[in-house]
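Here the structure is laid out as structure tokens; the discussion comes afterwards.
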Number of protein chains: 2
Amino acid sequence: MKNKKVTAMDVARLAGVSQSSVSRAFSENSSISIKKKKIILEAAEQLGYQPNAIARGLITNQSRIIGIVMRNIQNPFFPEVLDRFYSRLSEKGYHVMFINSQNNEIQEEEVSHLIEYSVEGAIITDALLTSSAVQKFTRNGISVVLFNRYVNDSLSNAVVCDNFAAGKKIGHYLIEKGHENLAFISGPVNTSTTVDRRNGFQSALAEHGITSFLKENGLYSYRGGYIAAQRLLEQDKDIDAIFCSNDISAFGAIDYLRKQGIRVPEDISIIGFDNVAMADWSSYALTTWHQPIDEMVDSSIELLLNNVNGEVRSPEIQRLEGHLVERGSVMDRR
Amino acid sequence: MKNKKVTAMDVARLAGVSQSSVSRAFSENSSISIKKKKIILEAAEQLGYQPNAIARGLITNQSRIIGIVMRNIQNPFFPEVLDRFYSRLSEKGYHVMFINSQNNEIQEEEVSHLIEYSVEGAIITDALLTSSAVQKFTRNGISVVLFNRYVNDSLSNAVVCDNFAAGKKIGHYLIEKGHENLAFISGPVNTSTTVDRRNGFQSALAEHGITSFLKENGLYSYRGGYIAAQRLLEQDKDIDAIFCSNDISAFGAIDYLRKQGIRVPEDISIIGFDNVAMADWSSYALTTWHQPIDEMVDSSIELLLNNVNGEVRSPEIQRLEGHLVERGSVMDRR
DNA sequence: AACAATTTTGCATACGTATTCAAAAATCAA
DNA sequence: TTGATTTTTGAATACGTATGCAAAATTGTT
């Protein structure tokens with residue numbers, strides 16, 4: 001038989017006070033005498049009272065929930081991002097509603113779910129917003145920040161790694177290490193991460209008089225990187241370095257090369273992007289670009305919470321700087 | 001300036017009906033004429049009305065939220081589990097409140113959060129419940145299922161892989177492949193997964209007259225597996241196979257052996273447990289035991305939802321059968 | 001002791017929805 | 001057309017909490 005739920009009214013009766021006093025005992029910055037508060041908390045403990053966040057949310061219009069919409073949860077980069085978001089948000093008293101997304105653009109249903117629960121903000125990782133979605137969030141006073149992706153439509157706040165600068169530095173780095181015949185394995189085309197990383201890379205190569213290089217779409221996946229490497233080598237056997245625009249596809253590319261008896265980095269250098277945990281595993285020892293996840297998460301949350309009141313501000317895109325991590329997958333050919 | 005929230009009252013006014021009719025228009029199994037429903041839905045669309053799940057939850061005492069408490073989110077096994085739970089739960093109309101846990105036992109604060117939001121159930125992965133926590137959940141009518149872990153205290157439902165049977169089959173498999181000097185890399189001691197996998201392994205070895213084997217704690221991590229392998233080899237250079245009780249520590253063990261110039265599987269065979277995606281990567285090509293995540297998730301949800309009404313039933317432990325996945329890390333020495 | 005100032009507390013109410021109950025409307029059968 | 005039956009609909013209410021407002025209580029000053 002289901003127990004009857006314990007409410008503030010029950011606590012009030014036991015403690016000999018009013019329901020509003022019980023509510024004040026559980027709030028910060030409320031006027032209540034120390035003595036009465038003590039009595040109330042003891043009564044609550046005795047009854048096993050737990051404030052009802054749903055009722056509180058209805059009254060205050062503050063759910064204390066942040067929605068995190070995440071794609072590619074099985075890419076090790078994103079569990080790390082989720083871990084960091086969770087830490088920071090729970091420190092600030094927020095709870096996380098998790099939405100596992102499947103599409104490049106957040107779906108109407110996903111938007112509806114977030115609005116239904118009056119989330120106080122939404123972090124969208126690795127996906128984009130339609131203008132209809134932006135409108136719905138804005139109309140409902142829900143602050144949104146795109147994490148790791150952005151669009152130049154001036155509608156959404158975003159926090160990304162400075163991918164262009166990173167791609168450029170990677171380009172210079174590979175050339176300075178003596179590589180001449182470079183190739184690029186991208187993620188899904190037209191995503192801001194792919195475009196910016198490739199454009200930065202291209203910019204660096206152009207400065208060295210290299211006006212073209214081979215590109216294949218690695219779909220940001222292990223298998224995609226494996227196949228992309230295969231396709232690149234079919235086109236040009238003299239490639240001496242490949243910039244993979246994420247770590248997972250770099251692992252796939254490395255495994256393809258190894259299967260062909262091509263040594264990494266002796267024969268072909270591989271560099272990745274993200275710096276996931278297994279980049280450090282000695283079977284890969286991947287040289288890669290470290291994304292500043294901590295800073296990106298902190299900036300995202302700051303941007304998010306500074307808009308939770310629904311103030312209309314000009315959306316901004318924050319680009320944060322990562323850094324190179326040298327391990328063993330890039331040869332020094334000088 | 002924040003927009004005023006659109007409510008069912010607003011829709012009612014525009015549609016020329018009552019608020020209760022609007023509510024009925026958004027509900028299934030409500031009595032409302034087709035004509036009126038159409039008018040109401042059009043008015044709602046025009047105003048951008050979104051039912052308020054918080055208000056609904058207060059009335060119905062059904063939050064439609066399931067809490068998922070997860071540890072070790074950066075172990076690739078768990079993002080896959082989260083992905084599957086999310087899929088199944090959203091199909092059934094549930095939303096996921098995500099809690100990233102850090103301890104072997106779910107914390108009081110985490111219990112309080114779940115109760116506060118009146119979650120309709122909670123999945124606890126890779127962690128345990130104190131009896132105090134069980135009491136609180138029960139008192140609040142919240143169904144709980146432990147995923148991948150259990151305790152023999154008869155208080156909590158649990159769904160696990162049949163780890164004992166798996167460990168036993170792995171033991172027989174390695175011996176049948178001609179290995180004689182076996183070792184075991186465990187997870188944290190006293191966890192049900194470690195204990196059952198080791199006990200099953202031990203049982204198989206005993207049937208072949210092998211009464212002891214070396215064990216080291218690999219902490220279910222890459223670095224832990226790496227160091228455990230090192231310690232094992234320090235103790236006995238003639239080990240010819242190591243059963244690692246999860247894949248991540250198997251990757252660490254493999255990398256340690258490779259660093260020492262010890263070939264896997266020619267010199268030492270390695271077998272893991274879980275069958276995470278990178279077990280299939282050709283740099284590891286890990287032979288491993290596949291955990292039946294889909295079935296485990298389905299059983300967990302069935303167990304969970306069959307208790308959402310808070311009916312008191314004898315807690316049960318469901319053990320589901322996995323299977324061996326042979327790749328390239330176990331040598332056939334016959 | 002009396003009065004002023006401040007703090008504490010309870011009453012009343014609202015938040016937005018779902019649902020009970022009964023009235024109104026619609027439908028059906030004779 | 002009338003009466004019986006069924007369906008639809010709105011009024012009223014409750015869900016559990018937070019808070020405004022004013023009364024009550026407490027504290028401080030003269």
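A note on names: the letters A, B, ... follow the listed sequences, proteins ahead of strands, and every chain is numbered from 1.
Applying the side chain to side chain donor-acceptor pair (under 3.5 Å) test to Arg56(A) and every residue at least two apart in sequence or in another chain returns Glu116(B). Judged as a side-chain contact (heavy atoms from CB on, under 4.5 Å), and not counting sequence neighbours, the contacts of Ser30(B) are Arg24(B), Ser27(B). The side chain to side chain donor-acceptor pair (under 3.5 Å) search around Asp10(A) returns Thr7(A), Arg13(A), not counting sequence neighbours. Under the side chain to side chain donor-acceptor pair (under 3.5 Å) criterion, Gln318(A) pairs with Ser299(A), Glu316(A), not counting sequence neighbours. Residues satisfying the ring-ring contact (aromatic ring centres under 6.0 Å, His included) criterion with Tyr49(A), sequence neighbours excluded, are Phe26(A).
Side chain of Asn140(B) to main chain of Lys136(B): a donor-acceptor pair is present (N/O by atom type, distance under 3.5 Å, no hydrogens or angles). Between the side chain of Ser192(B) and the backbone N or O of Arg149(B) there is no donor-acceptor pair closer than 3.5 Å. At least one donor-acceptor pair under 3.5 Å links the side chain of Ser63(A) to the backbone N or O of Ser118(A).
Residues from residues 32-42 of chain B lying near DNA chain C, meaning a heavy-atom separation below 4.0 Å, are absent. Within residues 46-54 of chain A, no residue has a heavy atom under 4.0 Å from DNA chain C. Taking every heavy atom of residues 20-31 of chain B and every atom of DNA chain C, pairs under 4.0 Å involve Ser20(B), Ser23(B), Arg24(B), by number.
For Gln62(B) and dT17(C), the CD to P distance is 17 Å, given to the nearest whole Å. In this entry the distance linking CD of Gln19(A) with C1' of dA14(C) reads 12 Å, nearest Å. Regarding Leu58(B), its CG atom lies at a distance of 13 Å from the P atom of dT19(C), rounded to whole Å.
Residue pairs meeting the salt bridge (Lys or Arg N to Asp or Glu O under 4.0 Å) criterion with at least one partner in residues 63-73 of chain A, sequence neighbours excluded, do not occur; the list is empty. Sorted by first and then second residue, the ring pair (Phe, Tyr, Trp, His ring centres under 6.0 Å) pairs involving residues 106-142 of chain B (not counting sequence neighbours) are His95(A)-His113(B), His95(A)-Tyr117(B).
Scanning DNA chain D 5' to 3' for nucleotides with an atom closer than 4.0 angstrom to a non-hydrogen atom of chain B gives a first and last hit of dT8(D) to dG16(D).
In the displayed structure, Glu45(A) atom CD is contacted under 6.0 Å by at most 12 heavy atoms of other residues, nucleotides or ligands. Surrounding CD of Glu108(B) are more than 12 heavy atoms belonging to other residues, nucleotides or ligands, all under 6.0 Å away.
Axis angle across the helix from dA1(C)-dT30(D) to dA30(C)-dT1(D), with five pairs used at each end and values rounded to 10°: 30°.
At least one side-chain heavy atom of Gln19(A) sits under 4.5 Å from a side-chain heavy atom of Met9(A). Taking 4.5 Å as the limit, every side-chain heavy atom of Gln50(B) sits out of range of all side-chain heavy atoms of Val6(B).
For the pair Gly16(B) and Ile59(B), both in contact range of DNA chain D, the more 5′-proximal nearest nucleotide belongs to Gly16(B).
A salt bridge between Arg88(B) and Asp294(B) is present, with a side-chain N of the basic residue lying under 4.0 Å from a carboxylate O of the acidic one.
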